[in-house]
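Worth knowing before you read on, the calculation uses all heavy atoms, side chains too, and leaves out hydrogens, waters and symmetry mates.
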Amino acid sequence: MEPLDILKTCILFRGLDPAEVVPLLEGAWSDYPAQAEVVAEGNRVDRLEVLLSGTMRAARLDADGSEFLYQQLRPGFLVAGEAACTPKRTCPYTVYALERCATWSVPRDRLDDPALPPELRLALLGNLLAFVGNQNMKKYYKIDALSVKSARQRILKYLTAQAGRVGSTSFSIPFDREAMANYLCLNRSVLSHTLKELEGEGVLAFRKNQFTLFPEKLSGQHTK
């Protein structure tokens with residue numbers, strides 16, 4: 001897809017035409033090599049940056065090399081956008097490029113510039129508020145999944161939430177198996193074993209990151 005087509009999928013441009021808005025915002029286009037640090041934990045985020053191609057990860061990186069995954073970012077996502085909306089604009093995690101990535105970005109303060117048409121400023125700020133709300137809901141669903149102890153419960157809570165998000169019992173998730181285990185704070189072998197167990201019971205079917213849940217088999221599973 002062309003960059004402007006990707007921008008159309010970003011919540012910041014909801015209801016707007018990027019071809020008309022981008023020249024007014026005077027943003028910048030950037031490229032990052034694989035493994036490049038895009039935002040460092042503790043750094044100030046003064047730009048709204050949209051991922052155009054590639055994949056990024058938002059994670060806490062510990063000194064021992066371990067990683068706690070918060071979110072995997074795909075084209076159309078705002079990079080650390082919620083941090084740019086806080087008073088101090090300090091990012092609590094690190095964002096890095098999993099592969100070569102391209103982005104478009106604009107200074108956060110540009111959205112408050114009185115030189116922009118008032119209706120455009122209101123639309124952009126309203127879209128940014130919707131983005132922050134969506135991020136809060138994603139964090140709620142993750143906290144809800146991690147609040148239960150068993151691997152089975154965590155997996156089912158997460159997958160049920162994903163099914164609800166897309167409104168279908170068949171859906172894809174943005175993680176490979178290692179990233180999914182990281183996200184749910186599970187050992188990868190435990191995750192794989194539990195998924196196969198659930199598949200054997202007819203609760204779900206999966207292939208790589210594609211899942212199908214069978215509601216008639218889900219009843220009572222969350223309490224096991």
Novice: Fit a plane to each ring of Y93 and Y70, take the angle between them on a 0 to 90° scale, and name the class: parallel (under 30°), tilted (30 to 60°) or perpendicular (over 60°).
Specialist: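 Tilted: the ring planes of Y93 and Y70 meet at 30° to 60°.
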Novice: Does Y140 have more than 12 heavy atoms from other residues, nucleotides or ligands lying within 6.0 Å of its OH?
Specialist: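 No.
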Novice: Please round to the nearest 0.5 Å and tell me the distance separating atom CG of D46 and atom CZ of R108.
Specialist: 10.0 Å
Novice: Looking at L51 and C101, what are the two nearest heavy atoms and their distance?
Specialist: CD1-CB, 3.8 Å
Novice: Out of the candidates D31, I6, D5, only one should pair with L52 under the side-chain contact (heavy atoms from CB on, under 4.5 Å) rule; please name it.
Specialist: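 Passing option: I6.
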Novice: Starting from L73, can I reach W104 by hopping between I/L/V/M/F/W/Y residues whose side chains sit under 4.5 Å apart?
Specialist: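 As far as the 4.5 Å side-chain criterion goes, L73 and W104 are not connected within one cluster.
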Novice: Main chain of T94, side chain of R60: is a donor-acceptor contact present, judged purely on distance under 3.5 Å?
Specialist: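 Here the side-chain-to-backbone pair does not exist.
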Novice: Calculate, to the nearest 0.5 Å, the distance between atoms CG and CZ belonging to L124 and R14 respectively.
Specialist: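 Here the interatomic distance stands at 11.0 Å.
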Novice: How many angstroms lie between atom CZ of R177 and atom NZ of K208, to the nearest 0.5 angstrom?
Specialist: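 So the gap between those two atoms works out to 10.5 Å.
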Novice: Closest approach of P75 and G54, non-hydrogen atoms and distance?
Specialist: CD-O, 3.4 Å
Novice: Under 4.5 Å between any side-chain heavy atoms of W29 and P3, yes or no?
Specialist: yes
Novice: Minimum heavy-atom separation for F171 and A163, please, with both atom names.
Specialist: CE2-CB, 3.6 Å
Novice: May I ask whether L120 and F131 are part of the same hydrophobic cluster, defined by side-chain heavy atoms of I, L, V, M, F, W, Y residues being less than 4.5 angstrom apart, directly or through others?
Specialist: yes
Novice: Answer yes or no: is there a side-chain heavy-atom contact under 4.5 Å between Q71 and F77?
Specialist: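 Side chain of Q71 against side chain of F77, heavy atoms only: contact under 4.5 Å found.
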Novice: Can you list the residues that meet the ring-ring contact (aromatic ring centres under 6.0 Å, His included) rule with Y158, with sequence neighbours excluded?
Specialist: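 For Y158 the ring-ring contact (aromatic ring centres under 6.0 Å, His included) partners, ignoring immediate neighbours, are Y183.
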Novice: Where do F13 and V22 land on the side chain to side chain contact (heavy atoms under 4.5 Å, CB included) test, with the steps shown first?
Specialist: CA-CA 10 Å; F13 290 93; V22 167; 4.2 Å; yes
Novice: Grab the two heavy atoms, one from R154 and one from L184, that are nearest each other, plus how far apart they are.
Specialist: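 So the two residues come closest at NH1-O, 2.9 Å.
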Novice: Measure the shortest side-chain to side-chain distance between C91 and N43 over non-hydrogen atoms and say whether it is less than 4.5 angstrom.
Specialist: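 No; the side chains remain at least 4.5 Å from each other.
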Novice: Write down the atom of R47, the atom of P107, and the distance for their closest heavy-atom approach.
Specialist: NH1-CG, 3.6 Å
Novice: Evaluate salt bridge (charged side-chain N to carboxylate O under 4.0 Å, His left out) for E82 paired with K139, printing each intermediate quantity in order.
Specialist: CA-CA 12 Å; E82 67 273 30; K139 289 178 174 65; 3.4 Å; yes
Novice: Nearest 0.5 Å, what's the CG-OG1 distance between L204 and T169?
Specialist: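 Separation between the atoms: 11.5 Å.
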Novice: Evaluate the side-chain proximity of E99 to S53: yes if any heavy-atom separation is below 4.5 Å, no if none is.
Specialist: no
Novice: Nearest 0.5 Å please: distance from the CZ atom of R57 over to the CG atom of N182.
Specialist: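 CG of N182 is found 7.0 Å from CZ of R57.
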Novice: Indicate the atoms forming the closest heavy-atom contact of T55 with Q72, along with that distance.
Specialist: CG2-CG, 3.6 Å
Novice: Does the side chain of L116 come within less than 4.5 Å of R110's, by heavy atoms?
Specialist: yes
Novice: Counting only heavy atoms from other residues, nucleotides and ligands, does the tally under 6.0 Å from CD of E2 exceed 12?
Specialist: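 Open: at most 12 neighbouring heavy atoms sit under 6.0 Å from CD of E2.
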Novice: Show the numbers, then the answer: is there a side chain to side chain contact (heavy atoms under 4.5 Å, CB included) between V203 and L156?
Specialist: CA-CA 9 Å; V203 176; L156 289 176; 4.0 Å; yes
Novice: Hey, does the side chain of D144 reach the backbone of K157 with a donor-acceptor pair shorter than 3.5 angstrom?
Specialist: no
Novice: Nearest 0.5 Å, what's the CG-CG distance between L125 and D112?
Specialist: 5.5 Å
Novice: Between D62 and D64, is there a donor-acceptor pair closer than 3.5 Å when you use the side chain of the first and the backbone of the second?
Specialist: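 Checking the backbone N and O of D64 against the side chain of D62, no donor-acceptor pair under 3.5 Å is found.
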Novice: Given the rule that I, L, V, M, F, W and Y join up when any side-chain heavy atoms are under 4.5 Å apart, are F211 and L213 in one cluster?
Specialist: yes
Novice: Got a donor-acceptor contact below 3.5 angstrom from the N209 side chain to the I173 backbone?
Specialist: yes
Novice: Closer than 3.5 angstrom, by distance alone: can the side chain of S150 be matched with the main-chain N or O of Q153 as a donor-acceptor pair?
Specialist: yes
Novice: For residues 189-198, which residue pairs qualify under side-chain hydrogen bond (donor to acceptor under 3.5 Å, both in side chains), counting only residues two or more places apart or in two chains?
Specialist: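 Pairs touching residues 189-198 that pass the test: R152-E197, N187-S189.
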Novice: Can you confirm whether R44 is buried at CZ, in the sense that more than 12 heavy atoms of other residues, nucleotides or ligands lie under 6.0 Å from that atom?
Specialist: yes
Novice: Could you see if L4 belongs to whatever hydrophobic cluster contains M1? Use Ile, Leu, Val, Met, Phe, Trp, Tyr and a side-chain cutoff under 4.5 Å.
Specialist: yes
Novice: Do R165 and Y141 have side chains that get closer than 4.5 Å, going by heavy atoms?
Specialist: no
Novice: Quick check on the hydrophobic clustering: are L111 and L122 connected, directly or via other members, by side-chain heavy-atom contacts under 4.5 Å?
Specialist: no
Novice: Ignoring hydrogens and geometry, is there a side-chain-to-backbone donor-acceptor pair from E49 to S105 under 3.5 Å?
Specialist: no
Novice: Would you say that F206 contacts L198 through its side chain, given a criterion of any heavy-atom pair below 4.5 Å between the two side chains?
Specialist: no
Novice: Find out whether I155 and L191 are in side-chain contact, i.e. whether some heavy atom of one side chain is under 4.5 Å from a heavy atom of the other.
Specialist: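 Yes, close enough: below the 4.5 Å cut-off.
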Novice: V50 pairs by side-chain contact (heavy atoms from CB on, under 4.5 Å) with which of V106, V79, L78?
Specialist: L78
